[in-house]
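Note: hydrogens, waters and symmetry copies are ignored here, and every other heavy atom, side chains too, is used. In what follows, every chain begins at residue 1, and chains take the letters A, B, ... in the order their sequences are listed.
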Amino acid sequence: MTVTASDQPVRITHGFDFTKLVLYGFALALCLLIVLPMSWLVYYGFVDKSGAFTLQNFITLANDPTLREPFVTTFILAFSTSLICCAVAAPMGWLVARTDMPFRRTVRLMVTASFVTPPFLGAIAWELLAAPNSGLLNKVYRMMTGAESDAVLFNIYSFPGLIFVIACYTFPYVFVLVANALDRTPGELEDASSILGGGTWVTARRITIPLALPALLAGALVAFLQAMTLFGSPAILALPAGFHTMTTKIWSLFQYPPKPELAAAASLPLLILTIMLLRAEHMILGRRSYAVLGGKNSAPRLIVLGRLRWLALAFCFIVLLNPVFLPYGALLNASFSKVASQFVSFSNFTFHNIYFVFFELSATRLALYNTFVLGIATATIGTIVAVVISYLTTREAVTGHKALGFLATAPVAIPGIVLGVGLFLSYTRPPFVLYGTLWILLLAFLTLAMPAAYQQMQSAFKAIHPELEDASRILGATRLRALREITAPLLRTSVIATWCFVFVGTIRELSAAIMLFTSETKVISVLIFDLNESGDLAAISVLGIIMLIVTSCIVALANRLRSGGGNVRLRDN
Amino acid sequence: MQSTTLSRRDVLKGSTALAIGTVFAEPVKAAPPPAEAVTPALVEAAKKEGKCVFYTAMDLQFAEKLGKDFEARYPGINVRVERSGAERVFTRIGQEYSSNVRAVDVVNTSDQSHCIAWKKSGWLAQYLPEEVVKNYDAAYFDAEGFEVVTRVLVSPFGINTDLVKMADAPKSFADLLDPKWAGKMVKAHPAYSGTIMNSTFQVARELGWEYFEKLAKQRVMQVQSATDTPKKLALGERAIMIDGAGYLVIRDKEVGKPVDVIYPAEGTPIATSPSVVFKAAPNPNAARLFFSWMHGREGQQILIDYARQYSAHKQAVEKPGVKKLGEFKLMKEDPEGVERDAELIKQKYAQIFKV
């Protein structure tokens, strides 16, 4: 760069380098976005109603069993979910990445489908399937075995039921990490093992598994985190069963009379635990680099399963029944059935549910409008911000770029519900009264989307060698012009993909939205949650199907555009 | 009061007259507003506003039907229904008003104690439609014009007759404690629903909190809305509904679903459901027009015919099939008590039922 400066001094004074300004502007905005709500959260946690310093909130938290029990419940929930996810996702990831199992691409696609299904929608679909008496699966079971009318095969309103449903929509996180790690494991290492006389299983045990283990551990932590911070599924399944998790408890503390101090105090442990787990994940994944030492790698050799491959496919199919096929079927069934818990037949087929949602339910239009406005705005702004920050950090354009990168990734540690509480406390008071506007939701969604968007754009930037930009700058362009005319066209597909994933992540967000919506700023996810509380399952099914269709289209679009990039981690939803 | 010869409205009077009297026994009374007719000027002004935001605790289908019928009667005015449990609506309005969000025009709550709180805060408009003054007994509207009783709700038991025969069904709150009903019952939540807030208050007063402690051991399925318990019943998800919107059970029975209502021997909890217009309503004229229409003959007839609820309108025609209020024993309503104890009720309930 100094060469550029000395070669063309006139240009430099003429074309002011805006990067510093941009850097500070973005740093300030990010700080405001993250630091403000978190400071209020901490402040509220440590004061009493009059604003004096106190530890009373934490003492109450520790002493009141109705507040303490959810902590224990959540811990067990997250731990069990994490174990199940690993047990299911690890073999699946291996089958897809390293064996000759048929339909591997389809299996990956279906995992993506469970990935982008909003977990709360899955939970509601599982109510339709496995409510102890009216659930479709239990009905089929009774029909087939002729069991008593109160015989129950599955009870989704139970602790195991909740763990199961959460695991359904959490295992893709583990799957993606494991499958990606195995995809990247160099074939030479395994070949070396074979040449030295190691059989298939010795190679697997000594080479493949140790190389994939860090990814699996990281996956376990991510699954733990997901299960711990999820709001929708426990609110839908745990409350009828008579227990709370952390997130539902925090939310219930906001019911009248609101206890923001207690909610803040209860949010802090969740926040701290999340940060610790992410540090752990970072440490584990950070060590993985040894796996890809040594120049160009050949593609890993696929293990021939022989006849077992159909068994393997059956295993994948049975797993995928739970997050995708069965729930989607149940929602589709309920959309066209007069009674949500009965199979569609000639006598109870109806279009009324669809008519009701579009022409009678007066909240639909506004919620759809809000959802799309927010989705588009978040995706657009989020992508732009991510592009700029990624540029500044990957090109190490200015001093302090590391801090900027850190700020952009930091929200990963903020569970949606905690951010919701923080934003509620920050923006219901002067100087920024944003509660009741779409802005507060935009802030929440932007904050939550930032880490994923940033990670994606950063890896896209890394793939483009800086010499192209340098050439442009040597020829006299400013940084911004080089960015616009050289880098931007090269980044187009990544930008569109990022936009799509932020959009999808935004329209399904529930846990922050539930804390921040007002009647004028309701979004589809909140509307679905409301309808679930009043038991209007048919309307939910129709809205849910619409959501799934929109989501699938966008994801399909993004996948078409992305040429062989890594998988994306949707997080914090 | 429970004599079978009394008409529906006489009993309504008996059970709610005191309530409204005490609700508004304030030391300094505002001057009663004049009864206001629906004038062409009001209709014009309402059409100019073009919409009305209606927060309500009534069942979604019914609320939307009210909205659509109003829109058909006054084309060009859109009713947006914001449905949730009464306690949620109360929380929502509290949050919105404390952040200076003035979104709500008209509210129908199923917890009369909310009106006490809103009136204390000075949030309510005084508005008495001519229709109400002419056709309602004084017991059903506030003389100062702060609230009008839109409907009266009862919270009986319900049963799914496929799962339990009427002869075997529980007839009293005491019967529900029989171990044979363990795991077979569904119940709504007082921190969500106004009807259930009132019924919890009344049952706790009559039978003591020990009753709920015993009930909680019966592995009760806990849903939120009083409009959800009848739905779970109709789906066959549970055999017995402990509390909830009786009118939905009756509606389901009338369309042939295998459900029935039981009025418990100790008395059926009752919740008067008033409506109010907010002073800072963003659409004040549309609000008044909708308020007037909803309490008029048309709105109230929909309430009776479609929603199967109790109306206080003298000209509204009863439709057979709903047991008259005088024909079964009611518990006594006490909105002041609910206003005083609401927080305690939620707290105790959460301790006992764990959610």
Side-chain angles (χ1 to χ4, degrees), chain A residues 64-66 69 127-128 131-135 139 149-150 152 155 157 235 238-244 248-249 252 254-258 338-342 356 359-363 365-366 424 427-429 433-437 517-522 530-537 539, chain B residues 53-55 59-61 64-65 67-68 78-85 87-88 90-92 94-96 98-101 103-104 162-163 183-184 186 189 191-192 216 219-225 227-232 234-239 257 342-343 346-347 350-351 353-355:
Chain A
D64 185 343
T66 63
E69 278 162 20
E127 281 188 287
L128 293 167
N133 300 299
S134 60
K139 282 186 167 173
S149 67
D150 57 356
V152 172
N155 178 7
Y157 300 116
L239 298 186
F243 66 93
H244 268 293
T248 59
K249 195 70 209 179
S252 79
F254 264 82
Q255 303 305 317
Y256 191 84
K338 279 181 188 156
V339 182
S341 66
Q342 279 172 13
F356 177 77
F359 299 104
E360 288 181 2
L361 186 60
S362 53
R365 193 169 303 168
L366 185 66
F424 183 88
Y427 296 113
T428 46
R429 66 186 60 251
V433 183
L434 295 180
Y435 182 71
T437 65
F517 80 97
T518 60
S519 65
E520 303 285 318
T521 56
K522 215 177 232 187
D530 267 8
L531 288 169
N532 184 64
E533 286 187 320
S534 56
D536 295 291
L537 295 170
Chain B
V53 180
F54 179 41
Y55 286 22
D59 183 58
L60 185 66
Q61 306 261 352
E64 298 289 4
K65 174 155 176 70
K68 291 298 158 211
N78 208 290
V79 178
R80 212 185 72 235
V81 173
E82 186 61 34
R83 199 223 88 90
S84 192
E87 307 303 318
R88 287 283 168 77
F90 186 67
T91 307
R92 176 125 312 284
Q95 277 179 359
E96 291 182 356
S98 63
S99 309
N100 286 318
V101 177
V104 58
D162 280 352
L163 299 172
K184 292 191 173 6
V186 59
H189 204 291
Y192 178 93
R219 288 186 284 122
V220 174
M221 176 183 185
Q222 180 72 63
V223 297
Q224 298 293 315
S225 175
T227 68
D228 193 11
T229 44
K231 289 167 196 159
K232 291 281 178 285
L235 288 177
E237 182 43 51
R238 288 294 189 271
K257 288 181 185 164
E343 194 176 345
K346 287 178 192 171
Q347 215 173 15
Q351 271 163 16
F353 287 93
K354 305 286 179 213
V355 282

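Interatomic distance, CZ of A/Phe359 versus NZ of B/Lys68, reported as 10.0 Å (0.5 Å rounding). To the nearest 0.5 Å, atom CG of residue B/Asp228 and atom CE of residue B/Met221 are 7.0 Å apart. Atom CG of A/Asn532 and atom CD of B/Gln224 lie 9.5 Å apart (nearest 0.5 Å). For the atom pair CG of B/Leu60 and NZ of B/Lys65, the computed distance is 14.0 Å after rounding to the nearest 0.5 Å.
When each of A/Asp536, A/Thr437, A/Leu531 is scored by its heavy-atom pairs under 4.5 Å with chain B, the top score falls to A/Asp536. For the set B/Glu82, B/Arg88, B/Lys231, the entry with the most heavy-atom pairs within less than 4.5 Å of chain A is B/Arg88. For the options A/Thr248, A/Val433, A/Leu361, A/Val339, heavy-atom pairs under 4.5 Å to chain B are most numerous at A/Leu361. Of the listed residues (B/Lys232, B/Gln95, B/Glu343, B/Glu87), the greatest number of heavy-atom pairs within a distance under 4.5 Å of chain A belongs to B/Gln95. Counting heavy-atom pairs closer than 4.5 Å to chain B, the top-ranked of the candidates A/Gly436, A/Ser534, A/Ala539 is A/Ser534. Interface check for chain A: of the options B/Gly85, B/Gly236, B/Ala216, the most heavy-atom pairs under 4.5 Å are formed by B/Gly236.
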Inset, instruction - Run the numbers on B/His189 and A/Leu239 for side-chain contact (heavy atoms from CB on, under 4.5 Å), then give the verdict. - result: CA-CA 10 Å; B/His189 204 291; A/Leu239 298 186; over 6 Å; no

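Residue contact with chain A, scored on non-hydrogen atoms closer than 4.5 Å, involves the side chain of B/Phe90 exclusively. When heavy atoms are compared at a cutoff of 4.5 Å, A/Glu69 approaches chain B solely by way of its side chain, counted from C-beta outward. For A/Lys249, no part lies under 4.5 angstrom from a heavy atom of chain B. Heavy atoms of B/Val101 lying under 4.5 Å from chain A belong exclusively to its side chain. The part of B/Ala350 that comes within reach of chain A is its backbone (N, CA, C, O), which places non-hydrogen atoms under 4.5 angstrom from that chain. Residue B/Arg83 touches chain A through both its backbone and its side chain, counting heavy-atom pairs closer than 4.5 Å. Using a 4.5 Å cut-off between heavy atoms, A/Phe254 touches chain B through backbone and side chain atoms alike. Only the side chain of B/Tyr192 comes within contact range of chain A, with at least one heavy atom under 4.5 Å from a heavy atom of that chain. Using a 4.5 Å cut-off between heavy atoms, B/Val104 makes no contact with chain A at all. Both the backbone and the side chain of A/Tyr435 come within less than 4.5 Å of a heavy atom of chain B. Only the backbone of B/Val79 comes within contact range of chain A, with heavy atoms under 4.5 Å apart.
With a 6.0 Å cutoff to the six-membered ring centre and a 45° limit on the axis angle, B/Arg92 counts as a cation-pi contact of A/Phe517.
Between the side chains of A/Tyr157 and B/Glu237, not a single donor N or O lies within less than 3.5 Å of an accepting N or O. Between A/Thr66 and B/Gln351, the side chains place no donor N or O within less than 3.5 Å of an acceptor N or O (distance only, hydrogens not considered).
Looking only at distances, a side-chain donor or acceptor of A/Ser362 sits under 3.5 Å from a matching main-chain atom of B/Val81. Between the side chain of A/Glu127 and the main chain of A/Leu537, no donor-acceptor pair closer than 3.5 Å is present.
Annotation for A/Arg429: atom CZ counts as buried by contact number, over 12 foreign heavy atoms lying within 6.0 Å.
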